[in-house]
Amino acid sequence: MDEAAAKATLKRYLDVARDSLLWKLEGLSEYDVRRPLTPTASNLLGIVKHVASVENGYLGDIFGRPSGEPLPWFDEGAEANADMWVTPEETREDVLGLYARTRAHSDATIEALSLDSVGEVPWWPEDRRVVTLHQILVHITT
């Protein structure tokens with residue numbers, strides 16, 4: 001399989017996962033998308049926020065392509081797991097907008113780089129920090 005076909009396959013699977021995540025919110029009330037569902041207060045809208053944050057890191061920062069999106073829930077002193085739930089000030093539109101901008105930025109990274117482009121994941125163990133775009137696409141999709 002040539003690179004273009006391999007990249008298209010990986011992107012298609014990523015898009016299916018992305019669309020499925022958003023589909024989970026369709027038709028739900030504001031209460032239901034914000035309702036804490038776990039002891040750590042995770043909620044459905046928070047999971048979208050988390051996925052956007054993760055995708056910003058993996059398909060942006062580690063390949064030297066930061067999105068410029070402010071992610072204050074990752075700042076020094078932020079509450080643990082603050083990316084897994086939304087605050088009362090964060091609207092559904094805010095989170096879905098972040099996700100849409102992240103998706104566009106990630107897609108631009110996928111388009112611009114080859115599958116064997118190298119990045120470094122600083123929060124992974126040292127012996128596996130150096131990664132390829134191919135590896136990261138598999139990682140975030142699965």
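- Closest non-hydrogen pair, A78 versus P72, comes out as CB-O, 3.7 Å.
- One finds the OG1 atom of T142 at 10.5 Å from the CG atom of L137 (value rounded to the nearest 0.5 Å).
- Qualifying side-chain contact (heavy atoms from CB on, under 4.5 Å) partners for N81, counting only residues two or more places apart in sequence or in other chains: M84.
- Of all non-hydrogen atoms in H105 and G60, the two that sit nearest each other are NE2-CA, 4.0 Å.
- Residue S106 holds its OG atom at 13.0 Å from CD of E111, rounded to the nearest 0.5 Å.
- Residues passing the side-chain contact (heavy atoms from CB on, under 4.5 Å) test with E126, sequence neighbours excluded: R129.
- Remark: D75 engages no residue in a salt bridge (Lys or Arg N to Asp or Glu O under 4.0 Å) (not counting sequence neighbours).
- In this structure, the salt bridge (Lys or Arg N to Asp or Glu O under 4.0 Å) partners of R34, at least two apart in sequence or on a different chain, are E30.
- Residues satisfying the side chain to side chain donor-acceptor pair (under 3.5 Å) criterion with S114, sequence neighbours excluded, are D116, S117.
- Among residues two or more places apart in sequence or in another chain, the side chain to side chain donor-acceptor pair (under 3.5 Å) test is passed with T87 by E89, E90.
- Rounded to the nearest 0.5 angstrom, K24 NZ and D32 CG are separated by 15.0 Å.
- Looking at residues two or more places apart in sequence or on another chain, you find a side-chain contact (heavy atoms from CB on, under 4.5 Å) between L98 and A52, N56, E69, L71, W73, R101, T102.
- Here P88 pairs with nothing under the side-chain contact (heavy atoms from CB on, under 4.5 Å) rule; sequence neighbours left out.
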Between V33 and V86, does a side-chain contact (heavy atoms from CB on, under 4.5 Å) hold up when you go through it step by step? CA-CA 10 Å; V33 298; V86 291; over 6 Å; no
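- For residues 10-40, no residue pair satisfies the ring pair (Phe, Tyr, Trp, His ring centres under 6.0 Å) rule, not counting sequence neighbours.
- Here the CH2-CD1 distance, from W85 to I47, works out to 14.0 Å after rounding to the nearest 0.5 Å.
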K49 vs V95, side-chain contact (heavy atoms from CB on, under 4.5 Å): CA-CA, chis, key distance, verdict: CA-CA 6 Å; K49 178 178 161 182; V95 175; 4.0 Å; yes
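- When atom types are taken as modelled, the side chain of S20 and the backbone of V16 share no donor-acceptor pair closer than 3.5 angstrom.
- Residue pairs meeting the salt bridge (charged side-chain N to carboxylate O under 4.0 Å, His left out) criterion with at least one member in residues 7-22, sequence neighbours excluded, are K11-D15, K11-D107, D15-R18, D15-R103, R18-E55, R18-D107, D19-R103.
- Hydrophobic clustering (ILVMFWY, side-chain heavy atoms < 4.5 Å, transitive): V121 and V118 are in distinct clusters.
- When the side chains of ILVMFWY residues are joined at heavy-atom separations under 4.5 Å, either directly or via intervening members, V138 and L14 end up in a single hydrophobic cluster.
- Y58 meets the ring-ring contact (aromatic ring centres under 6.0 Å, His included) test with W123, W124, H139; sequence neighbours excluded.
- Hydrophobic clustering of Ile, Leu, Val, Met, Phe, Trp and Tyr side chains at less than 4.5 Å, counting indirect connections, keeps V54 apart from L96.
- Between the side chain of E120 and the backbone N or O of I62 there is no donor-acceptor pair closer than 3.5 Å.
- When all heavy atoms are compared, the tightest approach of S67 to D61 is N-OD1, 4.4 Å.
- Here D83 pairs with H50 under the side chain to side chain donor-acceptor pair (under 3.5 Å) rule; sequence neighbours left out.
- V48 is not connected to F74 by any chain of hydrophobic side-chain contacts under 4.5 Å among Ile, Leu, Val, Met, Phe, Trp and Tyr, and they are in different clusters.
- The CG atom of L113 sits 11.0 Å away from atom OG1 of T132, with the distance rounded to the nearest 0.5 Å.
- Annotation: the span from I110 atom CD1 to L10 atom CG amounts to 8.5 Å, rounded to 0.5 Å.
- Under the 4.5 Å side-chain contact rule for hydrophobic residues, L28 and L22 share a cluster.
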